[in-house]
Every structure is written in C-alpha cells, then in structure tokens.
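Step one of this worksheet: look at the structure below.
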There are 4 protein chains.
Amino acid sequence: MTEQPPKRKPGRPKADGKNQTMIQIMRTAAFLFMEHGFEKVSLEGVAQACGVTKASVYYYFNNKAQLFTESVLLVLSVALEQTRRIMEGPGSLQERLLKVAEGHMANAHVDFETMMREASAGLSEEQITRIRNAENALNQLLEDVFRQAIADGEIAPANPLLLAHAYIAVMTVRNRKEIVNDKESLQQAAKDIIQLFWNGLAPRKP
Amino acid sequence: MTEQPPKRKPGRPKADGKNQTMIQIMRTAAFLFMEHGFEKVSLEGVAQACGVTKASVYYYFNNKAQLFTESVLLVLSVALEQTRRIMEGPGSLQERLLKVAEGHMANAHVDFETMMREASAGLSEEQITRIRNAENALNQLLEDVFRQAIADGEIAPANPLLLAHAYIAVMTVRNRKEIVNDKESLQQAAKDIIQLFWNGLAPRKP
Amino acid sequence: MTEQPPKRKPGRPKADGKNQTMIQIMRTAAFLFMEHGFEKVSLEGVAQACGVTKASVYYYFNNKAQLFTESVLLVLSVALEQTRRIMEGPGSLQERLLKVAEGHMANAHVDFETMMREASAGLSEEQITRIRNAENALNQLLEDVFRQAIADGEIAPANPLLLAHAYIAVMTVRNRKEIVNDKESLQQAAKDIIQLFWNGLAPRKP
Amino acid sequence: MTEQPPKRKPGRPKADGKNQTMIQIMRTAAFLFMEHGFEKVSLEGVAQACGVTKASVYYYFNNKAQLFTESVLLVLSVALEQTRRIMEGPGSLQERLLKVAEGHMANAHVDFETMMREASAGLSEEQITRIRNAENALNQLLEDVFRQAIADGEIAPANPLLLAHAYIAVMTVRNRKEIVNDKESLQQAAKDIIQLFWNGLAPRKP
DNA sequence: AATGAATGAGTGTTCATTCAT
DNA sequence: AATGAATGAACACTCATTCAT
C-alpha cells in the first residue's frame, strides 16, 4: 500500500492533445455562422458538415449560443494574432494595411456587426461581452497603430478609434459581388480600397 | 368571366395605390425585416403588428418571399426618391453627401447587404434581381454623382462605382455604439465620417 | 354609407357552438395525463389519440403546461358538479359518500396529489394556483359536508378538513389492483372502504 | 478461465456487500427516484450527485430500469426491517402504528404506488414482480399484524389486507401541505390520522 | 375582404445507451 | 474500476403554408 508516483488517472484518457473533433466542429461552425448568420445555421447542418451527429455537437457544447460564442472567439483570436503579426512586420503603414485587408477579405464572412446583431438575441450578456471584448482587442490593435502613425506624422490627424472602425467597414465592401468578382482580382479590389481610404476624395493640389 | 376572385396571382397584386391594409402590411413588414432580418420575422408577427390575421397577409402576398420582396422594394423606392431630391438640391457635394448620410444613419436598419444575404436563400432569382435592380438604382445615382464630380474636378479621380459602394459602407459605421452614443451626437459622427472619407489618411502637404 | 345593423363579422365564423375539436383534445389529454402522469404523456401521443396533428394541439394550446392546466380544470369542474349533485341529493351521509366513492373510483386516475407533484415543475405559479383552487373547491365541498354532519351529530367530532383529505386518500386505494380486480367487484371495494372509514378500527362495545 | 470481466451480467451484479461506490449509487438513486419519480431522474443526474460519471453507473447497472429496481429493493428491505422491529417491539397496537406512521411520514418520498405506476412502463415483468414482492412483504407484515389484532379482539373485524392498504394510503395524507405545515407539527398530523383511522367516523354511543 | 382551422417539415435540446480505452 | 466519446430516438415547440367559409 505504498504511494504510486505515476498516479495514472482512471478511465479513458482525454483524447490526444487538443481534441480534434471539437476543434473541427468549431471551425466548421464558425465558417457556417459567418457565411449564413446565426439563425440560418442549424445544428443539424453543422453536424452533417463535420460528419458527426447532432448529439455529438451537444456533447461538446451545451447549446447553440455556446457553440456560436466559442466558434467566434476562436476565429477572432486567430484573426487577432494574424493581424498583429502583419502589423508588427516590415513595410510602410499603407503596405501593411493592404496586407491585412487582403487577409480579411479572403475570409468569407458577413461583417461582424451584422452577425452579432442577429445573434445577440439568443446570447447571454456574458457571451456577448466576451465576444465584444475579443472584437475590441482587434479594434484596439488598429487604433493603436493609427494613433502611432498620427504621432509619427505618417497620416493626417484624426480620431484613431473612428479610423479603425471605418477601416474595417470599408473592407467589407468586398462582399459586393459586382465589384470584386468581375474583371478585377480580389487583390486589385483591396488595393483600390486602401488607396481610396488613404487618399480620400479631395483633389490634390499639385 | 374576366374577373377572377383574387386567387394567388404571381407578382405584386393589384397595388392600386388605394388598398390601405396592403400598404400597412408592407410598411410594417419592411420595418420588421430591417430591424430583425428575414428569418427572425414571422408572418404571425407581421400580422399581429398590423392588427390582422396571418391569413390576411396571405390574402395579399403569396408567401413570405413575396412579402419581403414587395416590402423592400417599397422602401427602396422611397429612399431613392429622397436621395435624388437631396442630390439634385443645392450645396457643395460634400454638404449634400453629409445630408444623405444623416438621413441614412437615422433610419434604424441593418445594412442592406446583410439582410439580403440572409434572405436570398429563400428568394427566387427573379425576386433577387428585382431588389438588386432597385438597389443599383441607388448606387447608380451616387455613381453618377461621383462621376460628374470627378469630371468637374471637384474630387480626385477614382472608380466611381467603388466610391459609391465604399460611401455606403462607411455610413454603416454608425451602428457601432461605442462611437456614436457617447459624447458625439449622431450628426457629429456623420460629419466625421464624411470628413474622413473626403480627406483620406494621407497627410496634406502645405 | 348608412349603418348596417346586422354587422356581420368578417372571415370564417368560429366553429359552431363549443368547438368540438378543442374539447375532444382536452378530454383525451385529461385522460392520458391522469393515466400516465405529466411527463410521460407526449403531445404527439395526445394528438394521435385525437386523430389530429401535433400542430393542431398547438393551435389550441400554447404549450404542454397550458394543455395540462385546461384539461385538468375541465375534469375538476365536472367532478365538482357531479359530487355536489350527489351530496345535495337524498340518502344518509354514509350512502352519499359511498356513491361519490363509486364515481371517483370508476374514473381511471392517479391520485391528484401525485400528478400535481410531478407536473408542478413545469407549470407557472398562476397555473398551479388555478388548479389548486379548483381542487380546493372539491375539498371545501366535502369539508362543509363533514362539518355539517358533525354539527348534526351524525358523525364523531373531528377536523373536517382532515376528514376530507383522508377520505379522498382512502378512495385511491382502488388503484391497488390486487384488491380491486380480484374477486371483489369495484362496488364491493368501495363499500368496504367506506365501511372502514366509517367505523374505524376500534372495537365496538356492545 | 472462470473469471470474466464484469460484462453485462443480468440481475443484480455482485453485491458483495463491500463495493462502496455501488451502494453509494443505489442510495443516491433511490433518494432521487423517490423525490422526483422515475422519468424526471436522469442517469447523468444520478452520476453527478454521486460524483462519478454516467458511464460508471452503467458499469454497475445494465440500464435505468435495473438501477431503479435495485435501488428501490434496497430501501424496501431497509423499511421492512425497520417496520418489523417496531411492530415486534413493545406498546399497544395503536402506539406502534403511530410509530410506523411517523417513520414513514418523515421520509421524503412520493408515495410508492405513484412512483411505480410511472416507472412500470419501463420495467420488465420480472422487475415489477420483484419490487411488488418486496412491497407485499411490507403489506403482509401489516396484514398479519391486523389479522392477529382482530383475532385478539384488539380491533374490529375487517379484511386485513384492505386494512393494510388503507393504512398506507392514509399515511400519504402528510403530503398535503395545507394540513401538515401549518400549526400542527408533523407528529400531530400523524397522531390525528391514526386517531381517525382508529375510531372511524361513526359516533360512539356512551 | 378576411378569417378560423389544420398541417408538415424543421429546430433546439435531452437522454439512455454503447464502446474503446 | 472507471472514463471520454459518440450516437439514435424522442420531445417540446415554431412556422410557412393551405383551404373552406
């Protein structure tokens, strides 16, 4: 009756590493929610798209709202990391904004605000807050970048928070198929938009 | 035997400009669709909000898709007229854009693109086309204005269609409560956004 | 544009008289709830037993709790009327109690308390109150009868409310199949129980 | 190869009186079943209340019906022993009946008949029989006591089985909150009920 | 012109049960 | 001895839609 140092826990050990099924479900769900919105996505649909059963989804998530929350938080954290890496990288501000825009526009998603408005009826206060916080982290990142750029004289002075929001809003223009799909490549669209955002409408005096 | 009892005719049924009930239903439905999106609005809800029965709604509209289509077309036509009046009115381009932005931002609505994306799964090709056409009329109006302004040298040269879309996108920023609600009035927000849109980020050379 | 005195209401008139379908559903539901309890009865089951669809049940009742409440109230009101008629009728108290017991025991039902305990988790406060009130009307009726009988010296003095409850409890004995089903007829069982209730266990002094 | 891994053996699995986990599960389950009834108790709930996993419950019991059966049998055997001890103890019949009633009424449980009715749909014939037998042992005990008391002239002659059932039925009156909770203590209620049961309603001749 | 009645298909959710570890 | 993962069947409830009146 001595102590067993290894102290193995009883029962089946938690699936290797990061639980692949659960992450797969979250990824799929995130994609579908972004593509179709909260209401239109059925858990049955998510399950089938993952090749599992609806009950399996419920094994990992208590309800639709939680699945939505966790999925969205996952992609937000990824997007934040990606954006931060680009922003901390080399290149002029304009170049880096362009890179971010390209990444953002490549991801097929309804703009966030829309999706949240629709979903928020079914989410708890706490869930909304958590998502908003994650979203704000992204805005904060951009805001800081703009603030610094203003201080450096790299761009004209303005409300940095407003700039961040507007920048994101402009990026959603890519959804309009008439513009993007046609002759111009997605990259060209991104370039045009950043250009517009950069120079504004006012004519330059020579 | 020319007169038939009103039995499921396709298309917009006799909008003889008189039928008060029908118009009332369309107005109510439009408001609800804009507020909550396509899926979340139930015909029962529309009916109750109008003080009639669900069956009455079906008396005027063959199905939810048609009700949606007609309702949206109604508000689009109104918006078009309003925008045209402003744009043909007096003032500099910047001033008139500001006026339009104020009107747009005052209407409590999900941005169009979002609503359409959600709804389009349930609409026929023809219905989508009709709505897109009405929407394009609005974009066209703005596009023409921008094109003319470019020709007049009032703004810097750019793709006028892109300008139109981006302009609308920027206007949706108003939804972000953090920006609008706080210290700045809605009018101030509109002004800031137009300003940003106008001047761009690039620093002016003196 | 004169007044039309008949003033017929528009639309299909409410089905003749007392709406047969709705009553049929309530009767069936009441029977099933009494037989199997709240949880075990599915709305699908109720619907099928009525030869209608689940959705039809929902057309008349907002949810399971409401269906339960209305159904139970219906049978309670019938039982109250029936009991009152017997109690106000002719015969000695013992005879009338016997008659009530026979009627009560003929109706296949779980004793009320049991059913309510199970159901009450799913009912609103108001619904519970309404049922309790209807139930109390029955108890009140018996209580009054017992009180009067005590005053008349027809039975020994005791707490009338307790008598009423105990009387109802004793009637539920009939559920025990070993007793009722076997050799003794239901009537004989009722007679025995009332006899026991009447004379008690104590031996009579000659 | 005589020893098999514990793989779904029918009947009560090795209750070697030692396995603490198994007994803990049965106790918890019994309590929950009595408190909430068969359907409303989920195996997940039982497991959590025991601090184990659902799968652990299935390790000891093949299915819900078996868990129910074994748990109920356990408490019935305890109740039988307890009742026998009281009945074989000192005091007049009335006093001992009162003691049993107090013990019975103290245990928070739905009355047996109710629980069984709800559960029996999910139990096998054999399981029902086993429980009924255990229950009957209790009734038999009371029946024998009553029979002896009749023979001794301690109580008036009557069907002893009926007396046993009615006695148990009367004890369930304690559930009615209006009676028990108010001014009278639970003990007083028990006393009143036994008194009523003892003396009956008929007036005593002086 | 407008309505009451009825339905079918789908949605979110629960739960007993199985199986590999 | 005990567990994590996964599933199928059922359930309460909603909603767009139809039809006779």
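Reminder, nothing fancy here: chain letters follow the sequence lines and each chain counts from 1. If you're wondering where the values come from, they're calculated on a predicted model, not measured in any experiment.
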**Asked** Distance from C:Glu39 atom CD to D:Lys40 atom NZ, nearest 0.5 Å?
**Response** 5.0 Å
**Message:** Could you go through B:Ile25 and B:Phe61, starting from their C-alpha distance and side-chain angles, then the distance that decides it, and tell me whether this counts as side chain to side chain contact (heavy atoms under 4.5 Å, CB included)?
**Reply:** CA-CA 10 Å; B:Ile25 292 175; B:Phe61 305 93; 3.8 Å; yes
**Fill in**
In whole angstroms, the gap separating C1' of E:dT17 from CZ of D:Phe61 amounts to 16 Å
**Prompt:** Could you give the CD-to-C1' distance, from A:Gln48 to E:dG10, as a whole number of Å?
**Reply:** 12 Å
**Item:** Distance, rounded to the nearest Å, where D:Met22 contributes CE and F:dA2 contributes P
**Value:** 12 Å
**Request:** Only stems of 3 or more consecutive Watson-Crick or G-U pairs count here, both distances under 3.5 Å; name the ones for DNA chain E, or none.
**Result:** E:2-21 with F:2-21
**Prompt:** Would you say B:Thr21 reaches E:dA1's phosphate, i.e. side-chain N/O to OP1/OP2 under 4.0 Å?
**Reply:** no
**Request:** State which residue, out of A:Leu74, A:Leu123, A:Ile128, A:Asn63, fulfils the side chain to side chain contact (heavy atoms under 4.5 Å, CB included) condition with A:Thr69.
**Result:** A:Leu123
**Asked** Would you say B:Met116 and B:Arg132 make side-chain contact, with heavy atoms under 4.5 Å?
**Response** yes
**Request:** May I ask you to check whether D:Glu44 and D:Gln48 show a side-chain donor-acceptor distance below 3.5 Å?
**Result:** yes
**Message:** Whether C:Lys64 engages the ring of C:Phe33 as a cation-pi pair (distance to the six-membered ring centre under 6.0 angstrom, angle to the ring normal within 45°) should be assessed.
**Reply:** no
**B:His36 NE2 - F:dC15 P separation (whole Å)** = 13 Å
**Nucleotide F:dA5, atom P - distance to CD of A:Gln20 in whole Å** = 12 Å
**Prompt:** Cut-off 3.5 Å, side chains only: do A:Thr28 and A:Gln24 have a donor facing an acceptor?
**Reply:** yes
**Item:** Summary of protein contacts for nucleotides 7-14 of chain F, nucleotide by nucleotide, where a base hit scores B, a sugar-phosphate-only hit scores S (4.0 Å, heavy atoms)
**Value:** BB--SBBB
**Request:** For D:Arg130 and D:Glu70, run salt bridge (charged side-chain N to carboxylate O under 4.0 Å, His left out): C-alpha distance rounded to whole Å, both residues' side-chain angles, the deciding distance at 0.1 Å, then the answer.
**Result:** CA-CA 10 Å; D:Arg130 284 174 65 205; D:Glu70 305 299 339; 3.6 Å; yes
